Amino acid sequence: MVNVTDGYGSSILGYPRIGPHRELKRALESYWRGSLSRAELLAVGRDIQEQQFSELAATGLTQVPGNTFSFYDHVLDNALMFGAVPKRFQPYRDVMEPLDFYFLMARGRPDLPPLELVRYIDTNYHYRQPELDAETEFSLHPEALLDEFDRAKAQGIELRPVMLGPLSLLLLSKAGQVPGEPEFDTLTLLDKLLPVYEELFEILAKRGATCVQLDEPMFTAERSDAELAAFERAYQRLSHAPLRPRMLVTGQYGDFGPALTILAASNVEAIGLDLASHRIRPDDLAEVPGIRRKRLYAGVISGRNVWRADRYVTLEYLNELAKVCPDLVVSTGSTLLHVPYDLLVEYDIEGNVADRLAFAKQKVGEVVSLAKALTEGPSDKWRKRPTEVHFKQKHAVRQRVYAITPQMREREPYAQRRIAQQAKLNLPPVPTTTLGSFPQTDRIRQARYELGEGRLSYEEYRKRIEAEIEATIRLQEDIGLDVLVHGEHERNDMIQYFAELLDGFATTHFGWVQVYGSRCVRPPIIYGDVSRPAPMSVDWITYAQSLTDKPVKGMVTGPVTMIARSFVRQDQPLHETADQVALAIRDEVVDLERAGISIIQVDEPAIREMLPLRDIGRAEYLRWAVGAFRLATSGVRPETQIHTHIGYSGRAEVVEAIEQLDADVTAIVATRSIEWVLKVLKEDCASGHGLSHGVGPGVYESRSARIPDIDELDELLTAAAEAVTPERLWANPDGGLKTRHYWQLEPSLRNMVAAARRIRRRIPAAE
């Protein structure tokens, strides 16, 4: 262990991996198109790795994490490192190049769906979910990890290899289900998996690794007694492995809870706590038996927001922690995967806002600076106190929030609305639609780029976008969809587009954050009171509606998703910010209705993503999240139909929240797990856990290149119709089609329309 007299250590738990200029994204997409060789793609990956560990070592960090790079997804990397390959992929493992086999699992092909894409913990990152069953066997394949470790060692840098802990790897995986057999518990595989971890530990110890990092983020959520018992058993065994490096076990994204007590009583040498997400009082920490003997990685710098830490307050807290845990390492609370690379390349952020920000590079600097100050005292370069910068406030916005009444969150009863909407819209049973976006072609991207560069007038830009909208409308009419969309061709991203048009948001030019694979977004920054200076989507939607007699949906991003996918101000409660955004969205929804739009979709795919990981706080969160959505959508007449799009969750409180949103139609991301949704739909609505409004359980996966056939879609829609009744059922994909190609989406949508028509022909009431 490090002698405290030599100074306190500094480290981070992970780093962005797409490259400072999105080098990995461009290389991946070129490789998938066939314009980049495998050797060239591997070289790009090596360059990003080596640049990263060299730069981190040069910052003064006393420990540098390794194995945090990924060509697509770190959870998939871990599954493959431990040999967890589903049966349906195994025939291809020995006949394909390893990299191509990896991408087969991540991206699939028309006859072989990829692993399911699932949100990671409560972040905006998504991972490919490993699939395990009772016959799964594990084996070790650490070549990529060892190659990076050896390359760094050759440069005089010792990396701390990072991997998922065994419990989180199993809990993040999907259990294969055999019809007629009891539900499979992935934790029953623990005893098979632990020897493979021990094998890896021995290899690393012999290679010269002194420490290994095991991430157990699943234990910052509520866990059962059985899961906690398995956690204790696993770390008792691993910490007694005969030959291993020191072990650092981290609890990222929240409160480690009972897992902290278990680890403190084990032979694990070091524990990482996310003190930026859940600040523990030093006196409370001192009550944990055995904690004084551990090295504490004090995660006081947030890996999930972009606001600078108050150095003096944080240093004071660290000094108190050091009295409890003298062997202390200043760290980030989580990996920095979730923040952009470098603030200094941004040239357009208002000065008093930029002064409060820290991206990944700046956060590393904060960690190093705090560790040095903890050892030597504050630097002379530190100002006596950071200049206080007030978040931008608008009196009119605050007065409007204070004037919100309960009636502003209420609409007429659903039964009345349903009758009024059917009379106006006259839709058939099982109406067909999509959820908004159509492919962003090279023509669109080029037009948007030229507009931003000043090389294209707005009038010419508008003509190009209108041409795309008209083509999209004509295609949908030809396919036979019942409710159309304008395609969102004018939007770079469902969040950023609106953020650029709302006051109180700042946007970046280069603040890219990986969502999954090569998909990156630039999360906006909410720095002040939010308001809408002018309509944001009305012109585009009304133009689309003018081209057709079929209804065209207005498409707006909901208030909870706007704040979930942004870096949010910290000087006021989230619910106040949500209501400010909700009022701005409410204005947009009302203007769409006034312009003659009869169906308006207010997307809230992130409403469950912000659900607290532990029971405490969930009810309060759902109260204000539901309230914000209803505030945004309750300003319209009964005959205007409100749709929403939400990620599915089996938690009863979230299902109840979907009902409480009171949207007329809810589209649910559920293609690969649709049986769970159908089970909920069949429940008695009187129990308070069913869904009584219109429902569109997505019947094909929009993020997959696979084209579902008519019979498959017919089977899913038939099961859904039995659960919901055809009068409440909608047919739609489970997400937008922005990332697809037209040759993929057109046959998929035609098959969906054909399947819906089959259902109608079998409905006596439809005759």
Side-chain angles (χ1 to χ4, degrees), residues 14-33 36 41 44-45 48 68-77 102-109 113-121 123-129 304 335-341 360 435-442 444-445 448 488-489 491-497 499 507-524 557 561 564-567 603 605-606 609 645 647 669 671-672 698 701-706 733-741 744-745:
Y15 205 66
R17 60 201 186 201
I18 56 173
H21 307 290
R22 292 187 297 159
E23 294 90 340
L24 181 61
K25 172 187 172 65
R26 295 186 178 89
L28 282 171
E29 293 174 356
S30 296
Y31 180 70
W32 294 335
R33 287 194 304 267
L36 193 74
L41 175 60
V44 170
I48 292 173
T68 62
F69 173 80
S70 176
F71 278 108
Y72 193 100
D73 166 48
H74 65 280
V75 178
L76 176 57
D77 294 350
Y102 174 77
F103 290 136
L104 177 67
M105 293 180 67
R107 305 181 72 231
R109 64 187 191 192
L115 297 177
E116 189 168 359
L117 193 64
V118 179
R119 188 175 61 92
Y120 186 66
I121 318 296
T123 71
N124 291 325
Y125 179 78
H126 289 67
Y127 74 99
R128 290 293 176 182
Q129 188 174 39
R304 304 177 66 186
T335 172
L336 296 176
L337 172 67
H338 311 294
V339 297
Y341 268 89
L435 297 188
S437 61
F438 268 61
Q440 293 269 308
T441 64
D442 290 339
I444 295 170
R445 294 191 183 96
R448 190 178 296 124
E488 302 182 12
H489 301 294
R491 303 182 189 182
N492 41 20
D493 175 79
M494 67 180 292
I495 309 299
Q496 186 177 354
Y497 174 79
T507 56
T508 67
H509 291 282
F510 308 104
W512 296 102
V513 175
Q514 184 183 28
V515 178
Y516 65 89
S518 66
R519 170 82 169 130
C520 304
V521 297
R522 287 177 288 164
T557 304
T561 299
R565 305 282 173 84
S566 302
F567 297 117
D603 286 327
E609 297 174 9
H645 172 210
V669 177
T671 309
R672 304 284 290 281
E701 188 177 9
S702 62
R703 287 171 172 161
S704 171
R706 181 173 173 270
D734 71 354
L737 302 170
K738 177 180 178 180
T739 60
R740 300 274 56 86
H741 299 287
Q744 296 165 336
L745 72 85

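None of these values were measured; they are calculated from a predicted model.
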For a quick test of reading the model, state the closest non-hydrogen atom pair linking [X] to [Y] and the distance between them.
| X | Y | result |
| --- | --- | --- |
| Glu23 | Val44 | O-CG1, 4.1 Å |
| Leu28 | Ser518 | CD1-CB, 4.2 Å |
| Gln514 | Tyr72 | NE2-O, 3.6 Å |
| Arg519 | Asp493 | NH2-OD1, 3.6 Å |
| Asp603 | Thr561 | O-OG1, 3.7 Å |
| Leu36 | Ala27 | CD2-O, 3.4 Å |

Holding to side chain to side chain donor-acceptor pair (under 3.5 Å), I want the full list of residues that pass it with Tyr102, two or more places apart in sequence or in another chain.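 Result, side chain to side chain donor-acceptor pair (under 3.5 Å) vs Tyr102: Ser70, Asp77.
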Main chain of [Y], side chain of [X]: is a donor-acceptor contact present, judged purely on distance under 3.5 Å?
| X | Y | answer |
| --- | --- | --- |
| Thr557 | Ile495 | no |
| Arg109 | Leu104 | no |
| Tyr341 | Pro16 | yes |
| Ser566 | Pro523 | no |
| Arg448 | His489 | yes |
| Thr68 | Gly14 | no |

I'd like to check [X] versus [Y] (side-chain heavy atoms, cut-off strictly below 4.5 Å). Are they in contact?
| X | Y | result |
| --- | --- | --- |
| Thr507 | Arg522 | no |
| Thr508 | Pro340 | no |
| Tyr497 | Glu488 | no |
| Pro605 | Arg119 | no |
| Arg128 | Pro114 | yes |
| Tyr127 | Val118 | yes |
| Val515 | Asn124 | no |

How long is the straight-line distance from [atom2] of [Y] back to [atom1] of [X], given to the nearest 0.5 Å?
| X | Y | atom1 | atom2 | result |
| --- | --- | --- | --- | --- |
| His645 | Asp734 | NE2 | CG | 6.5 Å |
| Arg304 | His338 | CZ | NE2 | 6.5 Å |
| Ile48 | His21 | CD1 | NE2 | 11.0 Å |
| Leu115 | Leu76 | CG | CG | 6.0 Å |
| His741 | Thr441 | NE2 | OG1 | 12.0 Å |

Tell me which one of Tyr15, Tyr120, Tyr516 satisfies ring pair (Phe, Tyr, Trp, His ring centres under 6.0 Å) with His74.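 Checked Tyr15, Tyr120, Tyr516 against His74; only one passes ring pair (Phe, Tyr, Trp, His ring centres under 6.0 Å): Tyr120.
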Using the rule given for side chain to side chain contact (heavy atoms under 4.5 Å, CB included), can you reason through Val339 versus Val513, listing the C-alpha separation, both sets of side-chain angles and the distance that settles it, and then say yes or no? CA-CA 6 Å; Val339 297; Val513 175; 5.5 Å; no
#### Entry: Intermediate values then yes/no, side chain to side chain contact (heavy atoms under 4.5 Å, CB included), Trp512 and Lys25
CA-CA 11 Å; Trp512 296 102; Lys25 172 187 172 65; over 6 Å; no
Under the side chain to side chain contact (heavy atoms under 4.5 Å, CB included) rule, what do Arg565 and Val521 come out as? Steps first, then yes or no, please.
CA-CA 9 Å; Arg565 305 282 173 84; Val521 297; over 6 Å; no
